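In this text the structure is predicted, and so the values were computed from the model without any measurement.
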Amino acid sequence: MGNATLGNVSLLASILGSVLPMGLVSLSLLIGPTFYPQEAHVLSFILFVIFEIVAFGCGIAARGATSGKVGLAISAVLLPLVLAAVCAALYWEFKATWH
């Protein structure tokens, strides 16, 4: 694949990695008690991580293309922020249940 194609994949994956999980969680909140929201949160987090890792990898491979740089920048900013937020939330949740 060329740099432009990989750059487009990186940009698309970084955008889908942000939008698709939010839509999944919103849909689970609309459906209500027939669907477990915890499962939707876990699934959306897994989708986010997969899409952002793909975007990061394709962005590194296509950093010569503008879309590759943009996809790399988006995933390089969002991935650590969301991982840190999830780790902090899990820490506080388990800290509250252990004591």
Under 4.5 Å between any side-chain heavy atoms of [X] and [Y], yes or no?
| X | Y | result |
| --- | --- | --- |
| Ile15 | Leu20 | no |
| Leu30 | Ser26 | no |
| Ser14 | Glu52 | yes |
| Val49 | Val82 | no |

How long is the straight-line distance from OG of Ser44 back to CG of Leu27, given to the nearest 0.5 Å? 11.5 Å
In Å, rounded to the nearest 0.5 Å, how long is the span from OG1 of Thr66 to CG of Leu11? 10.5 Å
Are [Y] and [X] connected in a single hydrophobic cluster, I mean Ile/Leu/Val/Met/Phe/Trp/Tyr linked by side-chain heavy atoms less than 4.5 Å apart?
| X | Y | value |
| --- | --- | --- |
| Leu16 | Leu43 | yes |
| Leu78 | Ile53 | yes |
| Val42 | Ile50 | yes |
| Leu83 | Leu90 | yes |
| Phe94 | Phe45 | yes |

Looking at every non-hydrogen atom in both residues, tell me the closest pair between [X] and [Y] and how far apart they are.
| X | Y | result |
| --- | --- | --- |
| Arg63 | Lys69 | O-CE, 2.9 Å |
| Ser75 | Pro80 | O-CD, 4.0 Å |
| Ala62 | Gly7 | CB-N, 3.4 Å |
| Leu47 | Pro21 | CB-CG, 4.3 Å |

Under the side chain to side chain contact (heavy atoms under 4.5 Å, CB included) rule, what do Phe48 and Leu79 come out as? Steps first, then yes or no, please. CA-CA 8 Å; Phe48 171 80; Leu79 195 57; 4.0 Å; yes
Has the side chain of Ser10 got a donor or acceptor atom that lies under 3.5 Å from a matching backbone atom of Leu6? no
Set out, in order, the CA-CA distance, both residues' side-chain angles and the distance that settles side chain to side chain contact (heavy atoms under 4.5 Å, CB included) for Phe51 and Ile46, then state yes or no. CA-CA 9 Å; Phe51 274 112; Ile46 291 170; over 6 Å; no
